[in-house]
2 protein chains.
Amino acid sequence: MTSPKRTERVTLKDVARVAGVSDISVSRVMRRAPNISDGLRDKVIQAANDLGYTPNRLAGALKTANSNLVAVVVPSMSNEVFPEVLDGIDSVLSANGLSAVLGISKYDPDREVEAVRELLAWSPMGLILTGLNASAAVTRMVEAQGIPVVQIMDTDGTAIQSAVGISHSAAGAAAADFLLDRGYGAPGYVGAWGERPARSRIRREAFAARLAERGAPLQGYKILPGQSSAPLGAEALASLLSEHPGLDSVFFANDDLAVGALFHCMANGIRVPQDLALLGFNGIAIGSATPTKLTSISTQRFRMGVEAAKLLIDNDPDSPKTVDLGFSFTDGASV
Amino acid sequence: MTSPKRTERVTLKDVARVAGVSDISVSRVMRRAPNISDGLRDKVIQAANDLGYTPNRLAGALKTANSNLVAVVVPSMSNEVFPEVLDGIDSVLSANGLSAVLGISKYDPDREVEAVRELLAWSPMGLILTGLNASAAVTRMVEAQGIPVVQIMDTDGTAIQSAVGISHSAAGAAAADFLLDRGYGAPGYVGAWGERPARSRIRREAFAARLAERGAPLQGYKILPGQSSAPLGAEALASLLSEHPGLDSVFFANDDLAVGALFHCMANGIRVPQDLALLGFNGIAIGSATPTKLTSISTQRFRMGVEAAKLLIDNDPDSPKTVDLGFSFTDGASV
DNA sequence: TTTTTGTTTGGTAACGTTGTCATCTGAAAG
DNA sequence: CTTTCAGATGACAACGTTACCAAACAAAAA
């Protein structure tokens with residue numbers, strides 16, 4: 001029984017010695033470089049397996065100045081959206097031998113800068129950021145590093161290089177049209193998180209602007225400080241209705257809030273959509289299971305991650321791209 | 001306007017040259033080593049800022065054989081549970097200058113092995129795995145690397161070193177007691193994902209065993225192949241009830257399924273809990289906003305991540321720990 | 001046969017950092 | 001006025017890889 005103490009790392013040299021070849025040949029076999037004879041390859045693989053050799057990527061990445069890491073910074077994990085995007089990112093990265101290093105900014109620009117600084121120190125081959133409102137410090141750092149950057153979620157604004165997302169202003173305007181076209185004339189709005197995800201503010205403003213444009217201005221809105229959740233949505237709607245009893249429809253910053261609001265209506269005898277229409281945002285699964293199916297604006301989050309990772313991988317520095325994945329209305333019964 | 005081309009990396013040497021000191025002094029200042037005069041520190045910091053210097057962790061980690069990375073392997077992101085755990089992990093890691101490198105196994109043991117191999121190549125200072133059922137290959141690799149390992153979610157079984165989680169067999173048994181103690185005598189069970197997360201199978205088996213022990217055996221169960229979601233829960237319950245109309249209570253593998261089932265009941269005139277009691281698992285936010293509050297077994301997922309990261313950081317290789325965070329019943333109205 | 005060409009292998013020198021061992025101050029102790 | 005010692009700083013050699021160039025060899029062309 002061997003001691004479970006610090007095992008000396010098995011290196012290329014060890015494998016080379018055992019296989020009776022040069023270091024560099026081992027390196028080439030491990031990297032599947034071309035022009036390797038079968039004999040050499042077999043000897044090396046045999047020796048590597050015998051010794052339990054694992055390449056040290058730290059050394060390889062240092063030498064080639066090209067780690068197979070991708071830095072990903074998202075604002076939060078306690079929100080269905082980002083895990084789904086991450087899932088999409090990882091599905092592409094892992095298929096290409098890349099790994100994601102994660103940073104969570106908690107919607108705090110300073111933390112984002114810190115996270116980016118921290119992650120860039122690993123010489124990632126690319127960076128995925130959330131939102132287009134990157135601080136100047138972040139922009140400077142990534143430009144100094146000279147790596148591809150893809151910003152996700154948002155296409156309203158100027159990207160550092162490339163972006164994959166949707167136009168939140170278009171979504172807000174579309175929500176307004178959707179409600180007005182269906183005859184609602186007294187719309188309200190509910191948000192959360194103090195609108196720290198700037199994207200929800202953009203939607204609200206575009207929603208309000210389009211409503212005003214069409215002569216049916218926003219009657220009232222409520223933005224609570226807490227994190228989005230169904231209970232918070234119920235609370236927000238109750239509070240909004242007490243201040244604005246005349247509302248006939250409400251647009252929500254996300255489906256969590258909208259579902260909670262739907263529950264509030266069910267519990268309080270408010271008929272949906274006859275007395276009040278509810279329009280969500282994001283199109284998460286639960287909305288399609290509620291007794292009254294939630295009408296929502298659905299977005300493609302997994303795909304957003306996939307496209308972002310792809311853009312990073314076959315990056316063409318000379319032609320940054322902005323990919324708008326669009327959105328669509330789910331056929332619910334709450335509007 | 002400088003060309004956005006490949007910028008040469010700014011290294012310690014550059015900073016040292018500009019500051020007029022030795023390389024190693026710059027290194028020491030950057031690492032906040034002791035015994036540095038204020039004069040030296042100021043010169044170095046000034047130069048580093050002027051040049052926009054960022055340390056290269058690849059080189060540092062290679063030299064010290066100690067990266068500040070923690071490898072985290074989870075089975076999925078499309079499940080509220082793991083993002084929350086990750087959030088907890090990251091909160092501790094980021095406070096300690098560590099970063100998480102992520103691997104997603106998709107509940108596939110082969111992918112898990114691959115992810116671990118991939119991540120270990122970065123010489124992480126620790127590894128967080130999901131579940132206690134790590135394959136022999138994984139165990140061998142981490143032992144060869146000699147780094148601390150913490151396994152999360154589960155405490156029923158043998159950990160490689162340390163574990164943080166709950167006892168799913170205890171939870172299953174407690175669910176049985178909970179229902180029986182409240183007078184229900186004909187319980188059923190609903191699961192999903194083909195029970196690939198082994199933990200849900202353990203809960204079901206313990207649930208069934210305790211029921212049998214107390215003379216009220218499990219009447220029937222339904223485990224659908226698809227991923228857990230509210231719509232799937234509704235579907236599963238409908239199907240279960242058609243096969244076993246006499247059920248008076250159902251225990252669910254998770255709250256997503258249970259909430260969907262609750263909706264199914266509401267839409268079909270099944271009174272909860274008079275006609276049918278529903279007991280969930282996980283205690284996610286939405287369950288406390290439904291018109292009939294969902295009764296559930298709540299677990300501490302964020303804290304699980306926190307404790308796992310802490311265990312990794314102040315690791316004592318000689319005394320691995322198993323931390324059982326326990327569970328509790330939420331005071332819902334569905335049982 | 002000789003020359004050309006291409007395939008296969010090896011030697012050497014980095015990549016950017018830090019551990020280890022000097023060296024050099026200057027002040028306290030003798 | 002030495003000796004001692006702690007506090008600062010520096011020189012050098014790694015860490016484990018891979019890029020680059022050179023060399024050996026074999027096969028094809030002349």
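Below, chains carry the letters A, B, ... as their sequence lines are ordered, and counting in each starts from 1.
- We find that CZ of B:R57 is positioned 14 Å from C1' of C:dT18, with the value rounded to whole Å.
- Taking only distance into account, the side chain of A:K63 meets the base of C:dA14 through a donor-acceptor pair shorter than 3.5 Å.
- Using a 4.0 Å heavy-atom criterion, one finds that B:L40 contacts the sugar-phosphate atoms exclusively.
- Straight-line distance from the CZ atom of B:R31 to the C1' atom of C:dT18: 5 Å, rounded to whole Å.
- Across all strands, A:N35 comes closer than 4.0 Å to base atoms (heavy-atom distances).
- For B:S27, whose side chain is taken as the heavy atoms from C-beta onward, the closest listed nucleotide among C:dT8, C:dT18, D:dG10 is C:dT18.
- At a cut-off of 3.5 angstrom, counting only N and O atoms as typed in the model, there is a donor on one side and an acceptor on the other between the side-chain of B:R28 and the base of D:dG10.
- Straight-line distance from the CG atom of B:L58 to the P atom of D:dT18: 12 Å, rounded to whole Å.
- The backbone N or O of A:T130 sits nowhere less than 3.5 Å from a side-chain atom of A:Q151 that would complete a donor-acceptor pair.
- Of the listed nucleotides (C:dT17, D:dT17, D:dC15), D:dT17 has the atom at the smallest distance from the side chain of A:Y53.
- Going from atom CG of A:D38 over to atom P of C:dT9 covers 10 Å, rounded to whole Å.
- Whole-Å rounding puts the B:D23 CG to C:dG19 C1' distance at 14 Å.
- We find that A:E143 and A:R140 are not joined by a salt bridge, their nearest charged nitrogen and carboxylate oxygen being 4.0 Å or further apart.
- Using a 4.0 Å cut-off, no side-chain N or O of B:S25 falls inside it from OP1 or OP2 of D:dT9.
- At C:dT17, none of the side-chain N or O atoms of B:T64 fall inside 4.0 Å of OP1 or OP2 (strictly under the cut-off).
- Taking side-chain N and O atoms only, A:S22 has a distance below 4.0 Å to OP1 or OP2 of C:dG10.
- A distance-only check finds no donor-acceptor pair linking the side chain of A:Q46 to the backbone of A:A19 [under 3.5 Å].
- Residue B:P34 is classed as having no contact, given no heavy-atom separation below 4.0 Å to the nucleic acid.
- Each of C:dT17, D:dG10, D:dT17 was ranked by its minimum atom distance to the side chain of B:V21; first place goes to D:dG10.
- The pair B:E118-A:R57 meets the salt-bridge criterion, since a charged nitrogen lies less than 4.0 angstrom from a carboxylate oxygen.
- The distance between atom CE of B:M30 and atom P of C:dG19, rounded to the nearest whole Å, is 15 Å.
- A salt bridge links B:E114 to B:R117: at least one charged side-chain nitrogen sits closer than 4.0 Å to a carboxylate oxygen.
- Rounding to whole angstrom units, CD1 of residue A:I36 and C1' of D:dT18 are separated by 13 Å.
- Where B:I24 and B:L62 each meet DNA chain C at their nearest nucleotide, the meeting point lying more 5' is that of B:L62.
- Remark: C1' of D:dC15 and NZ of A:K13 are 10 Å apart, rounded to the nearest angstrom.
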